[in-house]
2 protein chains.
Amino acid sequence: MTKRAFDKIKAGLDSAKAYLDGTADKSLYRVHVPEKVDVRKIRTRLGLSQEAFAATYGFALSAVRDWEQGRRKPERSARILLKIVEKEPEAVTRALAG
Amino acid sequence: MTKRAFDKIKAGLDSAKAYLDGTADKSLYRVHVPEKVDVRKIRTRLGLSQEAFAATYGFALSAVRDWEQGRRKPERSARILLKIVEKEPEAVTRALAG
DNA sequence: AACGATACTACGGCATTGCCGTAGTAAATG
DNA sequence: CATTTACTACGGCAATGCCGTAGTATCGTT
């Protein structure tokens with residue numbers, strides 16, 4: 001057994017101890033979900049019609065309309081998805097391909 | 001039969017003709033939105049508890065529970081988002097950072 | 001000018017989900 | 001054995017999802 005291995009084990013034990021002590025950070029990684037999303041802005045920046053936008057990213061056309069017309073607010077998961085469409089649109093099409 | 005009705009029928013026939021002619025190019029990139037998503041599978045592969053999973057990707061804990069317990073089915077946007085979490089989890093955290 | 005296509009607004013309306021809370025079960029650990 | 005973590009199970013209201021239809025504005029074509 002190398003000294004390296006020993007150090008690793010010790011480090012593990014130390015963090016286990018810290019966990020038990022309550023010294024450890026039990027906070028969960030918590031992402032921020034935006035309360036408002038400007039759907040029209042995201043869509044027009046991509047140069048797409050409502051229909052094309054819906055078809056390209058999997059939204060229901062009726063939902064896109066409700067959102068842009070301010071009739072309804074996209075719910076949590078939709079807001080997150082819209083953020084991804086804004087920042088990394090390709091990630092969406094990749095995930096839905098195949 | 002009103003003139004209005006006739007016009008509608010004619011319009012329908014015309015666009016059907018155009019469609020058959022190939023004159024109409026209505027090609028929209030259309031992605032496939034999965035009807036079913038195995039939330040538990042996605043979560044456990046990431047080695048996260050329901051709480052950590054929810055906190056990390058922005059879901060409501062109650063929604064994750066409803067989905068895994070088969071009480072409710074994630075709706076369209078949520079299914080898409082879950083697919084992205086499955087294929088490119090980092091893309092989600094990147095989009096929600098900052 | 002009349003027409004057809006495109007893009008969008010506006011909205012009725014039902015089914016379904018989102019999301020909150022609480023109680024109960026099971027396993028691990030001090 | 002009491003406590004903590006992780007999860008099941010579910011009541012219940014408010015809100016959205018999603019479908020459909022009608023109406024307006026614009027534009028290129030005939």
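Below, chains carry the letters A, B, ... as their sequence lines are ordered, and counting in each starts from 1.
- Applying the ring-ring contact (aromatic ring centres under 6.0 Å, His included) test to every pair with at least one member in residues 62-88 of chain B, sequence neighbours left out, gives these pairs: B:Phe59-B:Trp67.
- For the pair A:Leu81 CG and D:dT16 C1', the computed distance is 15 Å after rounding to whole Å.
- Between B:Arg40 atom CZ and D:dA6 atom C1' there is a gap of 10 Å when expressed in whole angstrom units.
- Between the CD atom of B:Glu35 and the P atom of C:dT16 there is a distance of 13 Å, given to the nearest Å.
- Atom CZ of A:Arg76 is separated from atom C1' of C:dT16 by 19 Å (rounded to the nearest Å).
- In this view, B:Arg94 and A:Glu88 satisfy the side chain to side chain donor-acceptor pair (under 3.5 Å) rule, not counting sequence neighbours.
- For the side chain to side chain contact (heavy atoms under 4.5 Å, CB included) test, residues two or more places apart in sequence or in another chain that qualify with B:Glu51 are A:Leu28, B:Ser49.
- Counting any heavy atom pair closer than 4.0 Å across all strands shown, B:Gln69 reaches a base atom.
- Looking at residues two or more places apart in sequence or on another chain, you find a side chain to side chain donor-acceptor pair (under 3.5 Å) between B:Lys73 and B:Glu35.
- In this structure, the side chain of A:Arg79 engages the main chain of A:Pro74 through a donor-acceptor pair within 3.5 Å.
- What separates NZ of B:Lys73 from P of C:dC19 is a distance of 17 Å, to the nearest Å.
- In this structure, B:Arg76 contributes its side chain and B:Val33 its backbone to no donor-acceptor pair below 3.5 Å.
- By the side chain to side chain donor-acceptor pair (under 3.5 Å) test, B:Arg71 pairs with B:Asp66, sequence neighbours left out.
- A rotation axis mapping the C1' atoms of four pairs onto the next four is fitted at both ends of the helix from C:dA1-D:dT30 to C:dG30-D:dC1 over five pairs, and the angle between these axes is 30° to 10 degrees.
- In this view, B:Tyr57 and B:Phe53 satisfy the ring pair (Phe, Tyr, Trp, His ring centres under 6.0 Å) rule, not counting sequence neighbours.
- For A:Arg40, the side chain to side chain donor-acceptor pair (under 3.5 Å) partners at least two apart in sequence or on another chain are A:Glu68.
- Residues of residues 44-67 of chain A having a heavy atom closer than 4.0 Å to DNA chain C, listed by number: A:Ser49, A:Gln50, A:Arg65.
- Place B:Glu68 and A:Glu75 on DNA chain D by their nearest nucleotides, and B:Glu68 ends up nearer the 5' end.
- Look at B:Arg71 and you won't find any side-chain N or O under 4.0 angstrom from OP1 or OP2 of D:dG12.
- With hydrogens and angles ignored, a donor-acceptor pair under 3.5 angstrom links the side chain of A:Arg72 to the base of C:dG13.
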